[in-house]
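Beneath this line is the structure, given in structure tokens, with notes to follow.
What you see is a predicted model, and the numbers here were worked out from it, not measured in a lab.
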Amino acid sequence: MQVEDLMNEVDRHVPYLLKQTSCQALLLAQKAPELARDLAGEIQRDGLVDTASRVAKALYKKYEPTAKELYEKYEPLAEKNAVSAWRSFNRLPLFPQVAQILVPTAAYWSEKYNQAVAYASERGYAAAYYFPIIPLERIAKVFEGGAGAAENGHSVSVNDGSVTLVQ
């Protein structure tokens, strides 16, 4: 009975958009095997590089305007919810100590990812243009100072491109 109460409470707080998106993701996951079979057939017929290039271009052309619109519409809400979650997590026991390890590690690997995408783009690899760059400085700025400082004083800081957790 306690689990059911917890699930009802969580359901009450999850935004409708998130529920709707979860349903859409489930429908896509159900269609995945059929898509994979079709894609495998194309690869056998036309070759991997040609098929991958064609599929990537088609997906980008089809979904880029919608993705851009959704991004612009929901980005402020996502930032607000991320800061709220950060504040809540900081109230948990041990989270500040875990964050002290995870934040710099995540920032380091995110920077490595950004460098790899930039390197591939500079070398002319077409697929690299479809990989987004992680906006590390922007993420850190959302969390630093008054906007992201937790009640117990933990925030994120950017110095020369490196991200650190500040107490």
query = Does E69 have any side-chain hydrogen bond (donor to acceptor under 3.5 Å, both in side chains) partners at least two apart in sequence or in another chain, and if so, which?
reply = none
query = Taking side chain as C-beta onward, heavy atoms only, is F95 less than 4.5 Å from S88?
reply = no
remark   = Sequence neighbours excluded, the answer for side-chain contact (heavy atoms from CB on, under 4.5 Å) partners of E72 is K68
inquiry  = Holding to side-chain contact (heavy atoms from CB on, under 4.5 Å), I want the full list of residues that pass it with K112, two or more places apart in sequence or in another chain.
reply    = Y108, W109, Q115
Heavy-atom pair with the smallest gap, counting every atom of K62 and T66 = O-OG1, 4.5 Å
ask   = What distance separates E79 CD from R138 CZ, expressed to the nearest 0.5 Å?
value = 4.5 Å
ask   = Do side-chain atoms of N114 reach the backbone of I133 as a donor and acceptor pair under 3.5 angstrom?
value = no
message = Tell me every residue that passes side-chain contact (heavy atoms from CB on, under 4.5 Å) with S121, counting only those two or more places apart in sequence or in another chain.
response = V117, A128, Y129
query = Can you name the nearest heavy-atom pair linking A107 to L136, along with the distance?
reply = O-CD1, 3.9 Å
key: Hydrophobic cluster membership, V103 vs F89, 4.5 Å side-chain cutoff   = yes
message = Connecting only ILVMFWY residues whose side-chain heavy atoms lie within less than 4.5 Å of each other, what is the rest of Y125's hydrophobic cluster?
response = none
request  = Please go through Y119's hydrophobic cluster and name the other residues, only I, L, V, M, F, W, Y counting, with side-chain heavy atoms under 4.5 Å joining them.
outcome  = none
Smallest separation among heavy atoms of Y113 and P132, with atom names = OH-O, 2.7 Å
inquiry  = Suppose we screen for side-chain contact (heavy atoms from CB on, under 4.5 Å). Which residues come up paired with Y130, at least two apart in sequence or across chains?
reply    = A56, K57, Y60
key: Contacts of type salt bridge (charged side-chain N to carboxylate O under 4.0 Å, His left out), residue E34, not counting sequence neighbours   = none
